[in-house]
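Computed over heavy atoms, backbone and side chain alike; hydrogens, waters and symmetry mates excluded. Just so we're clear, the structure is a prediction, and the values are computed from it rather than from any experiment.
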Amino acid sequence: QEDLLESGGGLVLAGDSLRLSCAASGRTYSGNNWAWFRRAPGKEREFVARLTGTIGTTEYSNSVMGRFTISRDNAKNTVYLQMNDLKPEDTAVYYCALSRPLASRRAYYSAGNYPTWGQGTQVTVSS
């Protein structure tokens with residue numbers, strides 16, 4: 001059973017950067033898929049980025065591609081989300097999630113396929 005704890009959120013100005021961290025405790029499977037989702041006020045939880053546990057393949061939503069980077073520190077069992085050039089539309093609660101390998105690429109975009117979640121960290125971007 002893994003537990004996830006996010007940190008690093010805050011209030012920033014448009015154009016600023018933040019780095020979110022997601023630390024996993026407990027036993028983790030090396031082939032796990034790590035992901036970041038976010039939920040903006042009044043909206044559904046949406047996929048942001050993911051990183052496969054085996055070879056480290058990354059994937060991003062179109063809205064953050066080129067601005068956000070997901071990475072991992074295996075020694076610390078921690079995943080990061082570096083967010084650059086933040087925009088007001090990035091304002092949301094950001095969640096870290098973990099899953100075993102899924103059957104299809106499309107399956108990784110659905111929050112319902114992730115059994116393990118952190119508590120979330122608020123990111124607010126002011127214009």
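Neither side chain, E59 nor T57, offers a donor N or O lying under 3.5 Å from an acceptor on the other. Inspection of the N33 and R50 side chains reveals an N or O donor paired with an N or O acceptor under 3.5 Å. Counted by atom type alone, Y94 and R38 present one or more donor-acceptor pairs between their side chains at under 3.5 Å. For N113 and S99, the side-chain atoms include no donor-acceptor pair closer than 3.5 Å.
Between R72 atom CZ and C22 atom SG the span is 12.5 Å, to the nearest 0.5 Å. To the nearest 0.5 Å, the span separating CG on D85 from CZ on F68 amounts to 9.0 Å. In this structure, L20 CG and T78 OG1 are separated by 12.5 Å, a value rounded to the nearest 0.5 Å. Note: E6 CD to W117 CH2 = 9.5 Å, rounded to the nearest 0.5 Å. In this structure, CD1 in I70 is found 6.5 Å from CG in L81, a value given to the nearest 0.5 Å. Here the straight-line distance linking atom CG of L18 with atom CG of N84 works out to 9.5 Å at 0.5 Å rounding.
In terms of hydrophobic clustering, with Ile, Leu, Val, Met, Phe, Trp and Tyr side chains grouped at heavy-atom distances under 4.5 Å, Y114 and L51 are assigned to different clusters. Hydrophobic cluster membership is shared by W34 and V64, with clusters built from Ile, Leu, Val, Met, Phe, Trp and Tyr side chains linked at under 4.5 angstrom. By the criterion of side-chain heavy atoms lying less than 4.5 angstrom apart, applied directly or through intervening Ile, Leu, Val, Met, Phe, Trp or Tyr residues, M83 is grouped together with V79 in one hydrophobic cluster. Cluster membership for W36 and Y80, using ILVMFWY side-chain heavy atoms within less than 4.5 angstrom, is not shared. Residues V48 and M65 fall within the same hydrophobic cluster, defined by Ile, Leu, Val, Met, Phe, Trp and Tyr side chains chained together at heavy-atom separations under 4.5 Å.
R45 forms no cation-pi arrangement with F37, by the criterion of a distance under 6.0 Å to the ring centre and an angle within 45° of the ring axis.
A donor-acceptor distance shorter than 3.5 angstrom exists from the side chain of D16 to the backbone of L13, with no hydrogens or angles considered. For T91 (side chain) and V125 (main-chain N/O), a donor-acceptor pair under 3.5 Å exists by modelled atom type. Remark: side-chain polar atoms of Y108 are paired, donor with acceptor, to backbone N or O of L102 under 3.5 angstrom.
Across all non-hydrogen atoms, the minimal contact from S127 to A14 is CA-CB, 4.4 Å. Considering all non-hydrogen atoms of both residues, L4 and A24 come closest at CD2-CB, 3.7 Å.
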> side-chain contact (heavy atoms from CB on, under 4.5 Å) between S17 and Q82: does it pass, once the steps are laid out?
Replying inline: CA-CA 7 Å; S17 298; Q82 177 67 42; 3.9 Å; yes
> Please walk me through it: do F47 and Y60 pass ring-ring contact (aromatic ring centres under 6.0 Å, His included)?
Replying inline: CA-CA 8 Å; F47 169 81; Y60 301 90; 8.4 Å; no
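Ion pairing between a basic and an acidic side chain is recognised when a charged N comes within 4.0 Å of a carboxylate O; R39 and E46 show no such pairing.
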